[in-house]
Amino acid sequence: MSDRYAVFGNPIEHSLSPGIHQDFAEQTQQDIEYVRQLVSLDGFDKAAGKFFAAGGCGLNITVPFKAEAYGFAAQLSKRARQAGAVNTLAVDSSGVVRGDNTDGVGLLRDLTGNLQWPLQGRRVLLLGAGGAARGVMAPLLEAGPHGLTVANRTVEKARQLALAFQALGPVSALGYDELAGRQFDLVINATSAGLAGSMPELPQGLLAEDACAYDMVYGARPTTFMQWAADTAGAEVADGLGMLVEQAAESFFIWRGVMPLTKPVITRIRQSLSPD
Ligand code: NDP
């Protein structure tokens, strides 16, 4: 029987993870089965317990269960502790379920590897202070930016995030209305506004010459934020598909001990998302 994996979420039907892991498995000749599982909002612990009791080998966790997965894991990696959330659960040979978070490394590999966007010495602005923003704070600061500014609609959440990570590098927090007159080399949109086709209101002149703009949201077309960055400043833009595939590759590595190639998978999904 194939080793069994799944992604737990609610909603879950649009998750691309099964296709991504199937690609990885074929590429690396691993015998796995990977399915989507819709979990009721109050049913995470029960569903995860049942999955592992029945011999399941690993789970990916998506919205809204990353905090529950953090509580469920018997052991946590440093990345998971820093993120305060778990997106990958793996059972080890002695049956212990270990929680990790691969979102941060996924973003960093997409930015610096696939896109070749430098971070060192750059003025970086992170929009949003939710779970995704928290998960990327540590790796962004460890990449040595000139400074990392977090801006959020609810300013207090940005302040809490900056405070939590201040030991790792130069980090500050602002409201969107305080961004006027400031300039950044890289702006990362970690808000969920793009899912509804909108974006935070940002001032003119925010993007420096040669700036890059990254939206964690992805889809068939450029997001509102990507269009804004390209139109107002001619910025180089990217969506979060690369991050999705890179975080999946790190999960696959945790489970199977082999690192798959990501570029062919990103290319395949990009083509399948194409509106034409
Ligand atoms: P959360 O719900 O934890 O946080 C949402 C964030 O978006 C908050 O900062 C919230 O601000 C802000 N926000 C929501 N709507 C608006 C709006 N209209 N204007 C301004 N700010 C807004 O979500 P996550 O952090 O988990 O996820 C954020 C996004 O990142 C999602 O779209 C998700 O799909 C994407 N993502 C992509 C990944 C990938 O691999 N590509 C991985 C993980 C996430 P406030 O605090 O004020 O409410």
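Indexing begins at 1, ligand by ligand and atom by atom, following the structure's order.
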* **Under 3.5 Å: N/O of Ala129 near N/O of ligand 1** => yes
* Subset of ligand 1 atoms that lie under 4.0 Å from at least one heavy atom of Leu195 -> 32 (O)
* Run down the list Asn152, Asn87, Leu107 and name the one with the heavy atom closest to atom 11 (O) of ligand 1. => Asn152
* Min N/O separation Lys157 to ligand 1 under 3.5 Å -> yes
* Are Phe252 and Phe24 close enough that their ring centers fall under 6.0 Å? -> yes
* Structure fact -> Out of Arg153, Met216, Met243, the nearest non-hydrogen contact to atom 42 (C) of ligand 1 is supplied by Met243
* To do: Assess the side chains of Tyr34 and Asn60: does a donor N or O sit below 3.5 Å from an acceptor N or O?
  => yes
* Is Arg153 paired with Glu201 through a side-chain N to carboxylate O contact shorter than 4.0 Å? -> no
* What part of Val217, side chain, backbone, both or neither, has a heavy atom within less than 4.0 angstrom of ligand 1? -> side chain
* **Arg79 and Asp103 ion-paired at < 4.0 Å** => no
* Pairwise distance CD(Glu250) to CG(Leu108) - rounded to 0.5 angstrom -> 11.5 Å
* **Tyr218 versus Arg270, side-chain donor and acceptor atoms under 3.5 Å** => no
* Scan side-chain atoms only and decide if Tyr214 and Asp110 contain a donor-acceptor pair under the 3.5 Å cut-off. => yes
* Part of Ala190 within contact of ligand 1 (heavy atoms, under 4.0 Å) -> backbone
* Asked: Measuring to protein heavy atoms, does anything land under 4.0 Å from atom 33 (C) of ligand 1?
  -> no
* Going by distance only, is there an N or O of Thr154 that falls short of 3.5 Å from an N or O of ligand 1? -> yes
* How close does the nearest protein non-hydrogen atom get to atom 29 (C) of ligand 1, and which residue and atom is it? -> Thr191 O, 3.6 Å
* **Selection from Ala85, Gly128, Gly130 by shortest heavy-atom distance to atom 1 (P) of ligand 1** => Gly130
* To do: State if Gly106 counts as touching ligand 1 under the rule of any non-hydrogen atom under 4.0 Å.
  => no
* Would you mind telling me if ligand 1 is within reach of the side chain of Ser192, the backbone, both or neither, using heavy atoms under 4.0 Å? => both
* Asked: Is there a nitrogen or oxygen of Leu241 sitting under 3.5 Å from a nitrogen or oxygen of ligand 1?
  -> no
* To do: Salt-bridge test for Arg98 and Asp92: reply yes if a basic N is under 4.0 Å from a carboxylate O, no otherwise.
  => no
* To do: Locate the shortest heavy-atom distance separating Leu273 from Gly219; write the atom from each residue and the value.
  => CD1-O, 4.0 Å
* Is there a donor-acceptor contact under 3.5 Å linking the side chains of Asp31 and Ser2? -> yes
* Asked: Within the structure, does Ala132 bring an N/O atom to less than 3.5 angstrom of an N/O atom in ligand 1?
  -> yes
